[in-house]
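What follows is one structure encoded as structure tokens, with my remarks underneath.
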Amino acid sequence: MIDFTVERSGRPCPAAERQRALADPGFGRVFTDHMITVDWSQERGWHGAALVPYGPLCMDPATQVLHYAQEIFEGAKAYLRADGSVAAFRPQANAARFNRSARRMALPELPEDTFVRSLELLVTADRDWVPAAQGCSLYLRPFMIATQRTLVADKPPTAARYLVIASPAASYFKSGAAPVTVWLSERYTRAAPGGTGEVKCGGNYAAALAGQIEALAAGCDQAVWLDAVEHRWVEEMGGMNLFFVYGSGARTHLVTPPLTGTMLPGITRDSLLTLAPDMGVPAEEGRLSASQWRAGAESGKITEVFACGTAAVITPVGKVKSASAEWAVGSGPGPVTMKLREALLGIQYGTTPDPYGWIHKIC
Ligand code: PLP
Ligand code: COI
């Protein structure tokens, strides 16, 4: 594994200011005292690994990422747990997905142990930034950019930089666990077969913004994307996967859209496909069209719908709107959604045991 040098910040955020930020961190607004940086070049491979004070990057205006968006990222969280320790949730799964993204975006792969080590170092250095408030955590944002100076767009990169920044975070949605309203995007497409939908590259999010802006203008919280070919099958939201709850009581089961190559394979989604059946709620992958969603919600066959992701945790979906229709799902946060939310948070915050080995203790 690469060795990291450590340069502690000479001007860390004063404790009182940090405490104020931690009292109401929001999402992605406040950043900690340090960051990780590791360089890669064709000649030297990975080198210059360091924990350094958080600060701006100095880049030549011709740096590749600024023109052709050769960038990938991850999202993970570190939690202050019931026993006082700080742990991350399945960081190895983030490391593996990061390298799948790197392969698709022609960026160099980062050894998985270096990825995990980089998170450990940053969280340990900035431990005081892990919020203690309920539902809060330290959001970790590893990313990689192509750094060679060129306007040539058709060659693999000769230089790249890996970085990690950290940000204390409350829930992604201001409403917390209150149901959100979603917008079915019929005009725009997020990802097409053979494209980059199944990896985490910044370009996917830039391309999704027009649909998200349409969603906000319609009074919705998030856009829901349909498949690019038939414009019919529900795929995912801008930064979350979707689960549909069918039935109630002993006959409850979950369905989530299958990974067709255009959707991001969420780590939360994957965890729920294991966790829910262990809690007595069978869960499977299955296609669902927008009209089946509407019919199912209106007939009462679909009793709850929720979004899931690292940032969003598990958030109930209460209402769906599109250019031509509007329907409600259940009334208020559903019992299955909330039971799964409690179970997942319990493992992450260490209030319930982790029989899966998902928790990675850091400090
Ligand atoms: N789908 C998209 C497009 C995302 O950006 C995310 C967030 O990372 C997810 C789904 C959920 O993935 P995860 O559960 O790994 O955070
Ligand atoms: C995450 O959940 O980590 C994401 O990357 C989603 C993003 C929209 C915040």
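This structure is a prediction, so every number in the text was calculated from the model and none was measured. One-based numbering, in listed order, for ligands and for the atoms of each.
- In terms of protein heavy atoms, atom 16 (O) of ligand 1 is closest to Thr310 OG1, 2.6 Å.
- Scanning all protein heavy atoms for the shortest distance to atom 7 (C) of ligand 2 gives Arg141 NH2, 4.3 Å.
- His253 and Tyr246 have parallel rings, their planes meeting at less than 30° on a 0 to 90° scale where 60° marks the start of perpendicular.
- At least one heavy atom of Arg97 lies less than 4.0 angstrom from ligand 1.
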Exercise for review: Would you check, one step at a time, whether the test ring pair (Phe, Tyr, Trp, His ring centres under 6.0 Å) holds for Tyr162 with Trp40?
Suggested key: CA-CA 8 Å; Tyr162 166 75; Trp40 177 88; over 10 Å; no
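- At the shortest separation from atom 5 (O) of ligand 2 among protein heavy atoms lies Lys200 NZ, 2.7 Å.
- Counting heavy atoms from C-beta outward, Phe4 and Val38 have side chains that approach closer than 4.5 Å.
- Annotation: atom 12 (O) of ligand 1 to nearest protein heavy atom, Gly266 CA, 3.3 Å.
- Using a cut-off of 4.0 Å between Lys/Arg side-chain N and Asp/Glu carboxylate O, Asp270 and Arg90 are scored as salt-bridged.
- Using a 4.5 Å heavy-atom cutoff, the side chains of His34 and Glu7 are not in contact.
- Taking 4.5 Å as the limit, every side-chain heavy atom of Leu259 sits out of range of all side-chain heavy atoms of Glu198.
- Those atoms of ligand 1 with a heavy atom of Tyr205 less than 4.0 angstrom away are 2 (C), 3 (C), 4 (C), 5 (O).
- Using bins of under 30°, 30° to 60° and over 60° for the plane-to-plane angle, the ring pair Phe243/Phe306 lands in the parallel bin.
- At a 3.5 angstrom cut-off on N or O pairs, Asn241 does not count as close to ligand 1.
- Ligand 1 has a nitrogen or oxygen under 3.5 angstrom from a nitrogen or oxygen of Ile267.
- Atom 8 (C) of ligand 2 has as its closest protein heavy atom Tyr172 OH, 3.7 Å.
- When only non-hydrogen protein atoms are considered, atom 2 (O) of ligand 2 lies nearest to Ala311 N, 2.8 Å.
- Under 4.0 angstrom from ligand 1, the non-hydrogen atoms of Lys200 all belong to its side chain.
- Between Tyr54 and Phe31, the ring planes lie parallel to each other; the angle is under 30°, not in the 30° to 60° tilted range.
- Polar contact check, Arg269 against ligand 1: no nitrogen or oxygen pair lies under 3.5 Å apart.
- Taking a cut-off of under 4.0 Å to the non-hydrogen atoms of Thr310, the atoms of ligand 2 that pass are 2 (O), 3 (O).
- Every N/O-N/O distance between Arg190 and ligand 1 stays at or above 3.5 Å.
- Here the protein heavy atom with the shortest distance to atom 3 (O) of ligand 2 is Tyr139 OH, 2.6 Å.
- A donor-acceptor distance shorter than 3.5 angstrom exists from the side chain of Ser101 to the backbone of Arg97, with no hydrogens or angles considered.
- For atom 14 (O) of ligand 1, the closest non-hydrogen atom on the protein side is Thr268 OG1, 2.6 Å.
- Atoms of ligand 1 lying under 4.0 Å from at least one heavy atom of Gly309, given by number and element, are 11 (C), 14 (O), 16 (O).
- Of the candidates Glu236, Glu74, Lys77, it is Glu236 that places a heavy atom closest to atom 1 (N) of ligand 1.
- Within the 4.5 Å cutoff, no side-chain heavy atoms of Phe27 are placed close to those of Arg29.
- Taking distance alone, with nitrogen or oxygen atoms compared against 3.5 Å, Phe73 stays at or beyond that limit from ligand 2.
- Here the protein heavy atom with the shortest distance to atom 9 (C) of ligand 1 is Gly239 O, 3.4 Å.
- Using a distance-only test at 3.5 Å, with no hydrogens or angles considered, no donor-acceptor pair links the side chain of Thr189 to the main chain of Ala191.
- Scanning the protein for heavy atoms near atom 6 (C) of ligand 2, the closest one is Gly239 O, 3.8 Å.
- Heavy-atom distances between Gly238 and ligand 1 reach below 4.0 Å in at least one pair.
- Proximity of Lys77 to Thr310: side-chain heavy atoms (C-beta onward) are separated by under 4.5 Å at one or more points.
- Within 6.0 Å of the NZ atom in Lys339, the count of heavy atoms belonging to other residues, nucleotides or ligands does not exceed 12.
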